[in-house]
Amino acid sequence: MSVNPRHKKIWAVVMSIPRGSVSTYGDVARFAGYLRCARMVGSALRTAPKELKVPWHRVINSQGKISFPSAGEQARIQKRLLEDEGIVFLSGTVNLKNYAWQGDLDSNLWRM
DNA sequence: GCACTGACTCCCA
DNA sequence: ATGGGAGCCAGTG
């Protein structure tokens with residue numbers, strides 16, 4: 001059974017998101033080299049094998065919110081996991097200004 | 001193999 | 001601020 005190389009790439013990008021940071025579907029797609037393929041990221045995460053331990057919870061939508069029905073269990077779990085990493089939710093929203101992952105470029109610089 | 005859906009996003013009225 | 005439509009492509013029936 002062959003796994004789409006695109007999905008592999010996406011998993012790799014997501015796995016490189018450091019603990020305590022988050023990224024958006026659109027950004028992950030862009031970092032992976034698939035501009036405008038946000039939906040593919042969701043698809044890739046959905047089919048990601050657990051063995052890889054992909055930190056899917058660090059991926060949220062461009063509005064800084066969780067892309068699951070707020071009443072759902074998934075949303076609750078994701079929020080919990082993020083808060084465990086020190087991410088703060090303000091009225092159900094994450095401040096991307098503070099937590100958005102900046103990509104490969106030296107995160108130590110801007111983090112000063 | 002076609003048609004529809006979806007863990008999305010951008011753009012414009 | 002808000003809603004509709006297009007773009008992307010993999011999974012599912």
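Naming convention: chains lettered A, B, ... in sequence-line order (proteins, then strands); numbering from 1 in each chain. Keep in mind that the numbers below use all heavy atoms, side chains included, and drop hydrogens, waters and symmetry copies.
A:Asn4 places its CG atom 18 Å from the P atom of C:dC8, with the value rounded to the nearest Å. Between the CD atom of A:Gln74 and the C1' atom of B:dG6 there is a distance of 14 Å, given to the nearest Å. Regarding A:Tyr34, its OH atom lies at a distance of 18 Å from the C1' atom of B:dA7, rounded to whole Å. What separates NZ of A:Lys50 from C1' of B:dA7 is a distance of 16 Å, to the nearest Å. Put simply, NZ on A:Lys79 is 21 Å from P on B:dA7, counting in whole angstrom units. Spacing between atom CD1 of A:Ile66 and atom P of B:dC8 amounts to 13 Å, rounded to whole angstrom units. Rounded to an integer number of Å, the gap from A:Phe68 CZ to B:dC8 C1' is 12 Å. Taking atom CZ of A:Arg30 as the reference point, atom C1' of C:dC8 lies 15 Å away to the nearest angstrom.
A:Arg58 is not listed as a side-chain neighbour of A:Tyr99, based on a closest heavy-atom distance of 4.5 Å or more. Counting heavy atoms from C-beta on, the side chains of A:Lys79 and A:Ile66 come closer than 4.5 Å.
Distances were taken from every side-chain heavy atom of A:Ala38 (C-beta onward) to each of B:dA7, B:dT9, C:dC9; the shortest belongs to B:dT9. The side chain of A:His7 sits closest to C:dG11 out of C:dC8, B:dT9, C:dG11. Closest to the side chain of A:Leu45, out of B:dA7, B:dT9, C:dC8, is B:dA7. Listed candidates were B:dA7, C:dC9, B:dC8. Nearest to the side chain of A:Arg39 is B:dC8. When distances are taken from the side chain of A:Trp56 to each of B:dA7, C:dG11, C:dG7, the shortest belongs to B:dA7. Nearest to the side chain of A:Thr47, among C:dC9, C:dG11, B:dT9, sits C:dG11. If you check B:dC10, B:dA7, B:dC8 against the side chain of A:Asn61, the one that comes closest is B:dC8.
Looking at every heavy atom in both residues, A:Lys65 comes nearest to A:Gly92 through CG-O, 3.8 Å. Between A:Gln78 and A:Phe68, the shortest heavy-atom contact is OE1-CD1, 3.6 Å.
OP1 or OP2 of C:dA10 lies within a sub-4.0 Å distance of a side-chain N or O belonging to A:Arg6. Checking the phosphate oxygens (OP1, OP2) of C:dT12, a side-chain nitrogen or oxygen of A:Arg46 falls inside 4.0 Å. Close to C:dC9, at under 4.0 Å from its OP1 or OP2, lies no side-chain N or O of A:Ser43.
The base of C:dG7 does not come close enough to the side chain of A:Arg36 for any donor and acceptor atom to sit less than 3.5 Å apart.
A distance of about 23 Å separates the P atoms of B:dA7 and C:dT2, rounded to the whole Å. With P as the reference atom, B:dG1 and C:dC8 are 22 Å apart, rounded to whole Å.
Salt bridge absent: A:Arg80 and A:Glu83 never bring a charged side-chain N and a carboxylate O closer than 4.0 Å.
Of the listed residues (A:Phe31, A:Tyr34, A:Trp56, A:Tyr25), just one forms a side chain to side chain contact (heavy atoms under 4.5 Å, CB included) with A:Val41, and that residue is A:Tyr25.
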